[in-house]
Amino acid sequence: MPVDLLLIGVKAAIFLGIWLTLVPAMVLVERRLSAFMQDRLGPNRVGPFGIVQPIADALKFFFKEDVIPHHVDKALYLLAPAAILIPSLVTFSVIPLTEPFGFSLFGQDIHFKFQIADVSIGILFVFAVASLGVYGIVLGGWASNNKYSLLGGLRSSAQMISYEIAMGLAALSVLMMAGSLSIFDIIQMQIFNGETGKLFGVLPVSGWLIFHQPLAALIFIIAVFAETNRLPFDLPEAEQELVGGYHTEYGSMKFAAFFMAEYCNMVTGSALIIALFLGGWSTLFFDPWVAGLPVFFKIFVQFSVFMTKLIVVLFFFVVVRWTLPRFRYDQLMNLGWKVFFELALLNVVITAVVIGFMSVS
Amino acid sequence: MVEYLPILVMFAIAIAMAVVILVLTHLLGPRQDDPVKLSMYESGVNPAQDSKVRFSVKFYLVAILFVLFDIEVVFLYPWAVTYKTLLSSLGWLMFWQMFIFVAVLLVGFGYVWKKGGLQWD
């Protein structure tokens with residue numbers, strides 16, 4: 001039991017390390033990349049190429065005055081940043097980064113799963129905990145007692161819950177193909193399909209679900225954008241209309257908590273996109289070769305592949321942000337309810353029919 | 001249930017991190033109160049009226065619709081997970097049962113749509 005607890009601690013440290021490295025890295029990349037896309041330089045003074053900028057930012061946030069305005073609902077106002085940060089730091093605990101492997105350390109055989117918690121409800125857990133983040137936004141918007149915050153909070157919560165349905169339905173067709181809620185099983189299924197599947201019996205076919213479920217993948221990716229309040233769906237904090245949206249009245253680390261939560265969710269969302277649709281640690285056509293490697297090389301390759309994909313998807317997030325203009329609110333809601341909901345449902349029905357024909361006949 | 005223990009640990013860590021962040025920033029920052037700084041932010045203009053303004057009832061409607069249809073999605077989950085395995089024993093019955101359920105819900109969805117419940121202006 002103490003070994004188990006130690007293992008949990010080690011895994012938690014590794015995952016938090018990865019995530020809390022990616023978050024400030026993303027902040028920097030976002031600022032630098034957006035600067036390049038707008039023909040500016042961006043932050044390049046703190047350290048070489050500005051790589052220490054996020055640390056400087058964090059320190060600055062810590063030493064800023066902790067302003068608690070008179071007109072706010074104090075308890076809820078302080079609860080909101082915590083309420084949004086906590087779920088975002090827990091959601092990634094069911095995402096596996098490599099296959100499980102065994103090794104012995106100090107005479108003890110350890111079966112190491114590169115995943116904090118191997119629960120059978122995987123995806124459901126991610127959705128359930130991620131939706132708790134809405135509370136932080138609603139509380140922040142309401143407790144700030146400010147018109148901008150209130151409208152931003154309302155917009156954001158309505159947007160997040162609307163796209164959650166499309167997101168859930170898009171994931172549904174993946175679950176039907178995998179027959180499991182566990183993210184590990186879904187990745188294994190993609191690798192297995194890639195190794196055995198043949199298009200028309202001859203052509204090699206990738207097991208990545210983005211090729212089998214392109215519509216679901218598209219809906220899911222767009223829904224992740226909407227869930228994380230990223231442009232083109234950043235209406236909750238549409239600066240020209242709402243100043244800062246639900247975090248208008250927040251300063252110091254309280255503001256940074258909202259920011260951290262958003263970026264954490266973005267990293268988790270990207271990891272989820274990769275796990276569900278981009279084959280996790282699958283290497284398109286080299287999976288059999290990777291599987292034959294010695295165990296530590298294999299784990300290293302799988303981990304690097306997952307991380308590379310993660311970084312590519314995160315870059316995609318930033319590039320999209322500075323490429324597409326913001327939606328209007330009615331367009332956003334129409335897209336969510338009148339287009340994606342139906343399309344996702346249709347996709348589920350089509351998937352059901354196809355699977356039916358494949359297995360019943 | 002033991003596989004859920006790490007999640008509990010993660011929640012504990014996350015709560016601890018949130019609390020530490022909020023407490024630290026409270027202790028580290030300077031404190032200079034002044035009435036203007038602590039007043040409501042309204043782009044530098046004096047606040048016009050109470051901030052609890054009336055907002056569109058549409059937001060409630062969306063929330064209610066979300067509850068309805070998200071329950072539907074959650075209801076689909078166990079079906080989706082067992083779909084492949086139960087197809088062999090139940091055959092197309094497995095498909096039609098859920099098809100009828102979704103169709104009934106879609107009738108309600110169509111009603112909401114026709115009534116303008118999804119119309120934002």
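Just so it is clear: chains get the letters A, B, ... in the order the sequence lines come, proteins before strands, and each one is counted from 1. Given the structure is predicted, the values throughout are model-derived calculations rather than measurements.
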When the 4.5 angstrom heavy-atom criterion is applied to A/A257 and chain B, the contacting part is neither
The interface call for A/I68 against chain B, heavy-atom contacts under 4.5 Å, is both
Honestly, the part of A/L20 sitting under 4.5 Å from a heavy atom of chain B is side chain
Item to complete: Look at the side chain of B/Y4 and the backbone N and O of A/V119, then say whether any donor-acceptor pair between them is shorter than 3.5 Å.
Response: no
In the structure I gave you, are the side-chain heavy atoms of B/V74 and A/F127 within less than 4.5 Å of one another anywhere?
no
Cut-off 4.5 Å, heavy atoms of chain B, and the answer for A/S180 is backbone
Under 4.5 Å to a heavy atom of chain B? For A/V348 that would be side chain
Ranked by heavy-atom pairs below 4.5 Å to chain A, first place among B/I7, B/D70, B/V9, B/I15 goes to B/I7
Applying a strict 4.5 Å limit to non-hydrogen atoms, the region of A/K64 in contact with chain B is backbone
In terms of heavy-atom pairs under 4.5 Å with chain A, the winner among B/F95, B/F99, B/Y77 is B/Y77
Of the listed A/E164, A/K11, A/R328, the one with the largest count of heavy-atom pairs under 4.5 Å with chain B is A/E164
Applying a strict 4.5 Å limit to non-hydrogen atoms, the region of A/D118 in contact with chain B is backbone
Could you tell me if the side chain of B/L22 sits less than 4.5 Å from the side chain of A/M253, heavy atoms only? no
Applying a strict 4.5 Å limit to non-hydrogen atoms, the region of A/L85 in contact with chain B is side chain
Exercise. Is a side-chain donor or acceptor of B/R31 paired with a backbone partner of A/V67 at a separation under 3.5 angstrom?
Worked result: no
Practice item. Indicate yes or no: at least one non-hydrogen side-chain atom of B/L106 is less than 4.5 angstrom from one of A/L345. Key: yes
When the 4.5 angstrom heavy-atom criterion is applied to A/Q331 and chain B, the contacting part is neither
Do the ring planes of A/W337 and B/F69 sit parallel (below 30°), tilted (30 to 60°) or perpendicular (above 60°)? perpendicular
Ranking B/Q32, B/M17, B/M94, B/M98 by heavy-atom pairs under 4.5 Å to chain A gives rank one to B/Q32
**Asked** With a cut-off of 6.0 Å (strictly less than), are more than 12 heavy atoms of other residues, nucleotides or ligands near CZ of B/F101?
**Response** yes
Comparing B/L65, B/L27, B/V67, B/T85 against chain A, the one with the most heavy-atom pairs below 4.5 Å turns out to be B/L65
message: So A/F61 and B/T25, do their side chains get closer than 4.5 Å, heavy atoms only?
response: no
Quick one: are A/M176 and B/V81 in side-chain contact, heavy atoms under 4.5 Å?
-> no
Ranking A/L124, A/L154, A/I165, A/D330 by heavy-atom pairs under 4.5 Å to chain B gives rank one to A/L154
Q.
Could you tell me if the side chain of B/I13 sits less than 4.5 Å from the side chain of A/L89, heavy atoms only?
A. no
Distance col, row A/Y163:OH vs B/F66:CZ, nearest 0.5 angstrom, shows 14.5 Å
Do A/F341 and B/W113 have their ring centres less than 6.0 Å from each other? no
